[in-house]
Structure formats: C-alpha cells, structure tokens
Amino acid sequence: MRPRILVTGIPGHYARLANGANGLAVSYSERQKQPETKDEFLQELRNISNTGNYLIGEGALRALAPHAQQIPFWHLYNCSRNGDGFEQFNSNFDICVFTCANLLRKGLSADAEADVLGKLKMPIVMLGIGQQNRKDLENALPEGTKRLLGILKEREHYFLTRGFETSGFLKDQGFSSVQPTGCPSVYFMPDNMRRALKKLPSVQVGKARTIFSGYLGGNQDAILDANALNPQDLVPQYVVQDEFLHFDMRVEPNAEGRVYDSASGTMIGDVAYPGTERLKNPFEVRTFFDTNQWRAWASSMDFNFGRRFHGSIIAMQAGVPSLMVAVDDRMREMLGFTGLPAVDATDLDKAENRAEFVADHLAGLNASELVDRYSDRERNFRTALREIGIGQ
C-alpha cells in the first residue's frame, strides 16, 4: 500500500492564495492578488521572505507522488500552539515530507519546526536541507535546531541534502539515513534544464538579452556585471528576490500611488539603491510572486548571469542558458553537487576584462558532459524518492 504523504515546510507560489484551513482542509481564494501599493507589495514579499524559495516547494510537490497532500506549515504550527488537532494528521498520514533550504545556520533557531515535527508521529523526510557555514554550526548550533535534530533522532527519518557538505555534517551528528540529492527545484522541468545547458557554449556575450540577479543594496556586483555584459543598446534587466527586505534597496510610489505592476512584474515606483550612478544604463527591475509568470517572462530572454541560485534555476526551467556566480558556501555546495555551470566570484573579480572572461568560460564548456551530469543527478534524486516510497 502506498504511504499517505503529508507535505509541509517551504511552499510553492500557489500557497499565496490560501485563505484558511480547518483540520485537513485548506481553502484557497479564487481572486488573484495584485499587491501594487508599497505596503501591499512589501507585505507580499515578507510572506515568503525570498521569492526564490517558491521554487523549492514547487519542485518538491511536482517530484512527489500525485496523491501527496500539501498542508501549510502555518496551519500545523497554529494547531501545535493551540494544543489540539494533531490526532487527525497522525491518523491520516503515514509520512511527512518537510521541504526546507538552509535550515542549519547560526542565525536561525528552528523552534517552530521542532514544535511541529515533534508532534508528528511518523517518519520525516527533510527534503533539500542545507547548511550555511559548517564552522558556525560547530561552535554555536542554535538551541531550537539542536532540539529539532534530537527529535529526528528518536525515530525513522530521512535527510535528502543539498550537497555533500551538509551530508557530512549530519553524519557527524550521528544520522545514518542521509543522502545528497540537491535542491528539488533543480529537477523541475528537466527537459528545459537540459535544453538550457545545451545552449550555453553558443551564447554571445554582450549581444544576448541578459537577466541579472544579485544583491543590489548590499553590494554593487550586479552593476559591474551589467556594465560589462549587457548589450549597449538595451535596458539591463534585474530580478529581485528579497533585496527590499534585507538590503538597502528602496521603492516609493509613483504618481498613481503604485510601486508594482502585477501584469508585467515590473517595479514602476521610484527604485533606489547604492551605486545607481555607476550604471551605464539603469536597470529595469522586476519582481515575480508567481513562478509561471517569472518563467514566461524569462523565456523571452537569451541568457541569465546570476548571483542568485534560484533566480538562475528558474531561467533554466524556461530553457534559458544560465551561468551562475558562486558567491558563498551555500551556493558552492549546491553547484558542487549538481555540476551546474558556474564561475567563482573571486575569479570573476580578478578578471581584467569581465566580458572576455565570461565568454571564454562559456566557449570552453562541454555541453554534452553538462547534460550527462545533470541527468545523472536527476536520476539519483528520483531514485531516492522512490526508494523511500514517496516518488512518482
């Protein structure tokens, strides 16, 4: 008999429309949100914190058996706080898939996760779990995260990690059911992912309509990228994930009182961030709360040069060739495991001519090897899910 699968944790973009939950039933609004005022826009961004996270939940749900049922984490948490309702979850499900990202990090105490998962009397699959910095964890693992790991040691569990480094950390903590599989977002729309990889060596740097992503407001790296790589006669395109929340990037309403056009995903207010004056051409800035809209827009572009992992993955899901810039340990772990094409930020910064450096790197790629490596990782991911009994 197939296991009854409960899915919770990081959601896909569809969860934006959830307007209530009672027991096992979740209700969804038929009215699409249009967060166009400043307050509405920022609140919508706070609801997910990082729009790239939507790809994690979306990729997980698509990879799981179709009878898997999504229950919002906030509903489970409310039931936990209220002290009732968990009997129905424990009696109606056999296994829980908890979708996550860099859950193992110094600045996050996983108290809410420990409260909820501690009440679920079933095996837990921690899907896509990753670490931020191994040295930080060795010196000061947050108390809530310690409690969560202690709970998961008490019964059958599975850790499907974002890469080898997280697997090593968990094994050192005494866990045995640990396997690196990568982020589930990487295996959503695999045919388009392979198509994007095949196109990479033929990208014409400096002529290709390019998507940029990074940390505007936190640093000016994306500005240097755009100045070097964007065609001179085109407006450079930048996609936001969380910059308005966590960095010095600001937006003020236009004369109509709007900051955002939900039809196109374009920021239409007065956008400001340090380094604007250094841009040869100002960015057209976009934000997407719907992953289908994001992919549809990305499909009109020729190339993605990204300092954000999920911002680059969604371009590849649309069949757009992408080269990532590895900027931190999180990204290096995911790229190191999947083998997706990337340059390291330190090497890019040393290049005397950024455009020539990128063009030479692309020209030297072996597309067939990239596709083979990706296909191998995809098989590994799907096999792991099937062996647990939760895959399609």
Side-chain angles (χ1 to χ4, degrees), residues 13-19 29-55 209-227 229-308 310-312 314-315 318 320:
H13 70 92
Y14 51 83
R16 299 173 58 231
L17 301 181
N19 59 13
S29 172
E30 296 182 2
R31 179 180 296 179
Q32 293 290 328
K33 292 183 177 182
Q34 293 181 298
E36 300 200 337
T37 69
K38 180 178 179 179
D39 288 345
E40 290 170 340
F41 172 81
L42 291 178
Q43 183 56 52
E44 192 70 8
L45 204 54
R46 290 188 195 101
N47 288 343
I48 186 61
S49 179
N50 184 328
T51 55
N53 285 346
Y54 281 136
L55 277 70
R209 294 167 298 173
T210 303
I211 306 167
F212 297 95
S213 62
Y215 297 89
L216 279 182
N219 60 51
Q220 299 181 25
D221 293 334
I223 292 173
L224 299 177
D225 296 340
N227 284 344
L229 306 182
N230 199 68
Q232 296 299 314
D233 56 339
L234 295 180
V235 175
Q237 301 291 318
Y238 184 91
V239 180
V240 163
Q241 290 187 201
D242 62 0
E243 290 87 327
F244 290 112
L245 298 181
H246 303 304
F247 303 104
D248 189 16
M249 191 173 190
R250 302 174 302 280
V251 62
E252 296 298 332
N254 64 8
E256 301 168 338
R258 302 163 68 209
V259 301
Y260 181 66
D261 177 57
S262 21
S264 64
T266 307
M267 304 304 303
I268 57 176
D270 182 15
V271 177
Y273 46 87
T276 309
E277 72 284 351
R278 298 183 65 184
L279 271 168
K280 294 178 182 178
N281 295 309
F283 279 120
E284 183 168 66
V285 178
R286 297 176 187 267
T287 308
F288 297 101
F289 297 109
D290 183 316
T291 53
N292 292 314
Q293 183 189 35
W294 194 347
R295 274 187 292 269
W297 173 78
S299 70
S300 69
M301 304 295 284
D302 301 319
F303 180 47
N304 174 86
F305 190 75
R307 294 171 180 269
R308 292 295 189 106
H310 288 110
S312 299
I314 201 166
V320 176

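Atoms considered below: every heavy atom in the structure, side chains included; atoms not considered: hydrogens, waters and symmetry mates.
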Testing the basics here: between [X] and [Y], what is the closest heavy-atom pair and its distance to 0.1 Å?
X    : Y    : result
P274 : G217 : CD-CA, 3.8 Å
P35  : E40  : CB-O, 3.6 Å
S213 : A222 : O-CB, 4.5 Å
R46  : L245 : CG-CD2, 3.6 Å
A298 : A315 : CB-CA, 4.3 Å
N281 : L234 : ND2-O, 3.8 Å

Are side-chain heavy atoms of [X] and [Y] found at a separation under 4.5 Å?
X    : Y    : value
V240 : F247 : no
R250 : D270 : no
F288 : V239 : yes
N292 : H13  : yes
D242 : L45  : no
W297 : Q237 : yes
N47  : Q43  : yes
V285 : M249 : yes

When rounded to the nearest 0.5 angstrom, what is the spacing between [atom1] in [X] and [atom2] in [Y]?
X    : Y    : atom1 : atom2 : value
I223 : K280 : CD1   : NZ    : 13.0 Å
N50  : L55  : CG    : CG    : 10.0 Å
H246 : Q241 : NE2   : CD    : 11.0 Å
F305 : F212 : CZ    : CZ    : 8.0 Å
R286 : I268 : CZ    : CD1   : 11.5 Å
S262 : K33  : OG    : NZ    : 12.5 Å

Test side chain to side chain donor-acceptor pair (under 3.5 Å) applied to T210 and N230, step by step: CA-CA 6 Å; T210 303; N230 199 68; 5.0 Å; no
Can you confirm whether the side chains of D261 and T266 place a donor and an acceptor under 3.5 Å from each other? no
Option among W294, F41, Y54 that satisfies the ring-ring contact (aromatic ring centres under 6.0 Å, His included) test with F289: F41
A263 backbone acceptor or donor facing Q293 side chain under 3.5 Å: yes
Under a 3.5 Å distance rule, please check whether Y260 uses its side chain to pair with a backbone N or O of T287 as donor and acceptor. yes
Would R308 pass as a cation-pi partner of Y215, given that its NZ or CZ must be under 6.0 Å from the six-membered ring centre and within 45 degrees of the axis? yes
